[in-house]
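Step one of this worksheet: look at the structure below.
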Amino acid sequence: MKMVLVVACALIDADGRILLAQRPEGKALAGLWEFPGGKLEAGERPEDALIRELAEELGITVRHACLAPLTFASHAYDDFHLLMPLYVCRRWEGEIAGREGQALAWVRPGKLRDYPMPPADAPLIPHLLDLLSPL
Ligand code: C5P
């Protein structure tokens, strides 16, 4: 089966809220809420792809040192297998805005499950809750 590599990021603000972006009309899985990111271009490293996607989609600048890998999503869709590393980022430059017309939401960790997500993204939530919950 074809393997597709997408890289995603949980941007976390100073209040501990997480940014979700809604997939726009006309795209696969339209209306579902995802962690921002996108496909790797040929030869790209995951962090470089993520930095490029976050600039294109949200208008922010993220430094390599501010991206921490957390886990991977791995999901078999009907026609491809998606492998998607999830990074966490708490520092960026610029004002976040949906540059591609997508809706955005800052979501408290306990509310993440209220947002319908693609099947690849939903299993990432426990990993984020584990990271963000007090010891
Ligand atoms: O975003 P894009 O449409 O390029 O992603 C390719 C495919 O990867 C989507 O059709 C979707 O099935 C999957 N995807 C996902 N979760 C994401 C991003 C993409 O399941 N956060």
Side-chain angles (χ1 to χ4, degrees):
M1 195 189 282
K2 187 171 88 159
M3 176 80 82
V4 171
L5 267 172
V6 169
V7 58
C9 187
L11 291 161
I12 302 173
D13 75 4
D15 295 328
R17 298 175 308 172
I18 297 150
L19 187 72
L20 296 181
Q22 194 173 32
R23 293 181 64 84
E25 287 306 315
K27 265 193 150 186
L29 308 172
L32 298 184
W33 294 86
E34 67 181 13
F35 299 103
K39 275 193 195 124
L40 268 73
E41 291 177 355
E44 234 178 355
R45 297 166 65 228
E47 292 93 337
D48 295 329
L50 188 52
I51 288 168
R52 175 182 54 72
E53 290 281 354
L54 294 173
E56 289 171 5
E57 292 182 4
L58 302 174
I60 56 172
T61 304
V62 174
R63 292 160 51 193
H64 277 86
C66 296
L67 289 174
L70 180 63
T71 186
F72 283 83
S74 178
H75 184 82
Y77 285 103
D78 287 345
D79 44 349
F80 62 94
H81 178 181
L82 178 76
L83 189 62
M84 184 170 73
L86 180 72
Y87 288 79
V88 170
C89 175
R90 296 175 185 267
R91 283 180 55 198
W92 54 87
E93 281 170 40
E95 287 298 314
I96 289 180
R99 298 296 166 103
E100 297 173 346
Q102 72 278 39
L104 301 176
W106 285 105
V107 182
R108 300 213 169 277
K111 297 280 180 196
L112 283 170
R113 291 184 210 279
D114 295 351
Y115 289 75
M117 285 188 168
D121 297 58
L124 299 171
I125 292 176
H127 296 270
L128 266 177
L129 297 181
D130 194 23
L131 178 76
L132 295 172
S133 64
L135 291 176

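Everything quoted here is computed from the prediction, not taken from an experiment. All ligand and atom numbering here is 1-based and tracks the order in the structure.
Annotation: atom 1 (O) of ligand 1 to nearest protein heavy atom, R23 NH1, 3.1 Å. The protein heavy atom nearest to atom 4 (O) of ligand 1 is K39 NZ, 3.6 Å. For atom 20 (O) of ligand 1, the closest heavy atom belonging to the protein is Y77 OH, 2.5 Å. Counting only heavy atoms of the protein, atom 16 (N) of ligand 1 lies nearest to D121 OD1, 2.6 Å. When only non-hydrogen protein atoms are considered, atom 7 (C) of ligand 1 lies nearest to F80 CZ, 3.9 Å. E34 OE1, 3.3 Å is the protein heavy atom nearest to atom 18 (C) of ligand 1.
With a 4.0 Å cut-off on non-hydrogen atoms, L82 touches ligand 1 through its side chain and not its backbone. Using a 4.0 Å cut-off between heavy atoms, A8 makes no contact with ligand 1 at all.
F80 is not connected to L5 by any chain of hydrophobic side-chain contacts under 4.5 Å among Ile, Leu, Val, Met, Phe, Trp and Tyr, and they are in different clusters. A continuous path of hydrophobic side-chain contacts links M84 to L29 [ILVMFWY only; heavy atoms under 4.5 Å].
In this structure, M84 counts as a contact residue of ligand 1, since one of its heavy atoms falls inside 4.0 Å of the ligand. By the 4.0 Å heavy-atom criterion, L29 is counted among the residues contacting ligand 1.
In this structure, Q102 contributes its side chain and A21 its backbone to no donor-acceptor pair below 3.5 Å. Under a 3.5 Å cut-off, the side chain of D13 and the backbone N or O of D15 do form a donor-acceptor pair.
Within a 6.0 Å radius of CD in E100, more than 12 heavy atoms belonging to other residues, nucleotides or ligands are found.
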Which atom pairs, donor and acceptor, lie under 3.5 Å between side-chain atoms of residues 34-51 and protein residues at least two apart or in another chain?
| from | atom 1 | to | atom 2 | distance (Å) |
| --- | --- | --- | --- | --- |
| E34 | OE1 | R23 | NH1 | 2.7 |
| E44 | OE1 | E41 | N | 2.8 |
| E44 | OE1 | R52 | NH2 | 2.9 |
| E44 | OE2 | R52 | NE | 2.7 |
| E47 | OE2 | Y87 | OH | 3.3 |
| D48 | OD1 | H64 | NE2 | 2.7 |

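Side-chain atoms of F72 and L86, non-hydrogen and from C-beta on, never get closer than 4.5 Å to each other. Under the 4.5 Å side-chain criterion, counting only non-hydrogen atoms from C-beta, C66 is not in contact with R90.
Atoms of ligand 1 found under 4.0 Å from any heavy atom of K27, numbered from 1 in the order shown, are 1 (O). With ligand atoms numbered from 1 in the order given, ligand 1 contributes 10 (O) to contacts under 4.0 Å with heavy atoms of A28. Residue-ligand proximity, A120 to ligand 1, at heavy-atom distances under 4.0 Å covers atoms 20 (O).
The salt bridge (charged side-chain N to carboxylate O under 4.0 Å, His left out) pairs that include a residue from residues 102-127 number zero, where partners must be two or more places apart or lie in different chains.
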